[in-house]
Amino acid sequence: MAKKRKDAGRKTTAAAAAERMFLGGMPQEEQDEELMQSPMRMALGSFIKDKIAMIGLCLFVIIFLCCMILPFFFPIELNYQDVSQANAAPGFGLTDVPAGLADNAQAISSGSTFSVGIDKEGNVYEWGTFPTEKLKNIPSSSEMGKLTMISAGLDHVLAVNEEGQIFTWGNDRMGLTSIPVELEVSRQPIKQISAGYQFSLALTESGRLYNWGSAYLLNIYFPEGVQGNIAQFEDNPNIVIALTNDGEVVPLTNSSNSYTNVPEEIQGNTIDIALSDESAAALTSDGRVYTWGNNVNGSMNVPEEIQGHVTEIEGGRYHFTAILDDGTVCSWGNDTFNQTKAPTFSSAVTTISAGYHGSYAIDENGHAEGWGLDGYLMGTDQLGRDVFRRLLVGGRMTMTVGFIAVIISTLIGVLVGGISGYKGGKVDNLLMRLTEIVSSIPFLPFCIILSSVLGSSISETQRIVLIMFILGFLSWPGIARLVRGSVLAEREQEFVTAAKALGVKEFGIVLRHILPNIITVIIVNATLDFATCMLTESSLSFIGFGVTEPNATWGNMLNGAQNGQVIENYWWRWLFPSIAFGICTISINCVGDGLRDAIDPKSKER
């Protein structure tokens, strides 16, 4: 009897020693608490203590919430393109007038992604993000003298000094620096200039209009009696419209289009004209504005309250800006970049300038302010689309495709693995052979061939759904084998034998008793597969066989950055998607590793 007590004491001591070893030499209070915790709580506590896993979880949650929520606040139009904004570098401050010019401005002009201005002493200022480094090569003040006019275009600048001499800098392609000899030699007094879209225009006091630059983009035709009788002109990439000294509005073209449908009631009574990229506007002597052309983004919706009070009008790309008779400013049309949010000036405004996506106004004291496009957080791509907005929408698409693919593969894998492991025998043999067949299918070549065969016969939405299902149907063998091995181990346990003895049906045993014991393994595997599916989808989109333009994913955003020129000169097009994608996948893998270590502490020893 005493011997039995000694043996029991030894066993108790051995068990206690084993518990102490398992608990890692914790203090007694922590050991008691650890012994009372459930396995799930122990795993959760271990996961929370894993700093790398928690950092990964926090980063992934932040990226996930940003991609799911922020697109509602920063929406994009999938078919939007604006070549004038192509490859704009990250940065803000396009509408921030430099300190030396802000209260001493004489003239300001807004270009594509940059602005230029001259103060009352004729000094030149440039700010914004420059499409070409050549824009920074401003001629010296000693060479130009005192400037009186300045105009910014797509990627070049045109200026005139008080002696009538013309200067141009920036891009010099298509003859932009080839100023007409007659205009340059004669030094005729210049009345108006415009640095247009790859061309330049200059109007002399004698009413003659000169143009140089791209002859293919814009063909100017002068109707009889117009050349030499022009009081003002306005231009856009499609047409030039002239206002004659007689108050007539004349489109300088010999073809018929929406710009040539000039309202009859304004002829002979027009005092100012303006052009946007899709519509034209004319101001009559009674202060009313008339518009014609295409009403894109509401550019033709003139506010009724300003009719009869307008004294001057200017046109941007899809908006108009006007000075009213009380010295205030009003803008209307496209408001994507807050082009219609004109500020309030303390003094009467005397000069306005409307550019591509912004406007400037100068009051009678020389104070200048701008509004509209202020820049891009992450720059733009080759089609002028905002990289930041596409990054958010692309992340949502990439995560959605990966998430649905993981759900499909997990459901199939759990079903096949569960049946195979529980049934065994011929069923197990058959299902495992099926698993091997699916595993032997080369995934990327299969997707490429399928995409080539289907081609344009399916819509983009159908293509996205197809990618989800292909990823899901070809990714389940791994989890099926894992589930099969776990079920094989669990089905021999006593609780399964007890359930069978109580008459529980096989489906109930698997669903209610075996599956809860292996659910943590499934969760860990699904977490790691999520990152793999995201990588696979992005790989397909990167090589052009996944989600295609104009839909955005992180993969096809990187697709446009495959040449050395983009990598060297337009780093923002590949850097930001790469960082987001890398952080997201690494974070998911860290979470998966942390879950695995928390659920199976022995895995750290392997």
Side-chain angles (χ1 to χ4, degrees), residues 40 43 60 64 68 396-424 426-444 446-447 450 461-491 496 499 504-540 546-547 553 584-585 588-589 591-593 595-596 599-600:
M40 183 62 70
F60 174 73
F64 177 81
M68 294 300 166
R396 183 171 62 182
M397 176 66 73
T398 299
M399 290 185 187
T400 301
V401 172
F403 181 71
I404 294 178
V406 164
I407 290 177
I408 295 171
S409 65
T410 301
L411 290 175
I412 297 174
V414 170
L415 180 63
V416 173
I419 294 173
S420 178
Y422 186 78
K423 286 291 188 181
K426 294 182 179 179
V427 175
D428 180 26
N429 190 39
L430 177 64
L431 292 176
M432 284 300 99
R433 299 298 78 74
L434 175 63
T435 303
E436 291 170 1
I437 292 172
V438 175
S439 299
S440 66
I441 298 175
F443 181 76
L444 286 176
F446 176 78
C447 290
L450 187 62
T461 302
Q462 292 172 329
R463 179 188 291 272
I464 294 171
V465 173
L466 181 64
I467 291 171
M468 293 177 184
F469 277 91
I470 290 175
L471 279 170
F473 281 120
L474 296 183
S475 303
W476 59 265
I479 193 171
R481 292 193 185 97
L482 185 64
V483 170
R484 172 182 175 271
S486 300
V487 171
L488 281 172
E490 292 294 328
R491 74 174 186 177
V496 176
V504 180
K505 294 181 179 179
E506 291 182 344
F507 181 77
I509 292 174
V510 174
L511 186 64
R512 296 177 57 188
H513 298 284
I514 296 179
L515 191 58
N517 284 280
I518 65 171
I519 191 65
T520 51
V521 177
I522 296 172
I523 292 173
V524 171
N525 191 78
T527 303
L528 297 173
D529 279 351
F530 181 30
T532 302
C533 287
M534 288 177 57
L535 285 167
T536 306
E537 181 280 322
S538 296
S539 299
L540 287 172
V547 180
T553 71
C584 191
T585 52
I588 295 171
N589 283 323
V591 171
D593 289 340
L595 286 172
R596 182 191 59 204
I599 292 168
D600 182 12

Closest heavy-atom pair and its distance - [X], [Y]:
X: Leu488; Y: Gly421; value: CD2-O, 3.3 Å
X: Ile518; Y: Ser486; value: CG2-CB, 3.5 Å
X: Val438; Y: Pro477; value: CG1-CG, 3.7 Å
X: Cys533; Y: Val406; value: SG-CG2, 3.9 Å
X: Ile479; Y: Gly413; value: CG2-CA, 3.5 Å
X: Ala531; Y: Asn589; value: CB-OD1, 3.8 Å

Measuring from [X]:[atom1] to [Y]:[atom2], what's the distance to the nearest 0.5 Å?
X: Thr398; Y: Met534; atom1: OG1; atom2: CE; result: 6.0 Å
X: Leu434; Y: Leu431; atom1: CG; atom2: CG; result: 6.5 Å
X: Ile412; Y: Phe473; atom1: CD1; atom2: CZ; result: 4.5 Å
X: Leu466; Y: Ile470; atom1: CG; atom2: CD1; result: 3.5 Å
X: Phe64; Y: Phe403; atom1: CZ; atom2: CZ; result: 7.5 Å
X: Ile404; Y: Phe469; atom1: CD1; atom2: CZ; result: 8.0 Å

Could you tell me whether a side-chain N or O of Ser538 sits under 3.5 Å from a main-chain N or O of Leu535, the two making a donor and an acceptor?
-> no
Please check if the side chain of Thr410 supplies one atom and the backbone of Ile407 the other of a donor-acceptor pair under 3.5 Å.
-> no
May I have the step-by-step check of side-chain contact (heavy atoms from CB on, under 4.5 Å) for Asp593 and Leu528, ending in yes or no?
-> CA-CA 8 Å; Asp593 289 340; Leu528 297 173; 4.2 Å; yes
Set of side-chain hydrogen bond (donor to acceptor under 3.5 Å, both in side chains) partners for Arg481, sequence neighbours left out = Ser439
Looking at Arg433, Lys423, Arg484, which hits side chain to side chain contact (heavy atoms under 4.5 Å, CB included) with Asp428?
-> Arg484
Give the C-alpha distance, both sets of side-chain angles, the deciding distance and a yes or no for side-chain contact (heavy atoms from CB on, under 4.5 Å) between Met397 and Val401.
-> CA-CA 6 Å; Met397 176 66 73; Val401 172; 4.1 Å; yes
Candidate list Asn525, Thr527, Thr532, test side-chain hydrogen bond (donor to acceptor under 3.5 Å, both in side chains), partner Asp529, passing option = Asn525
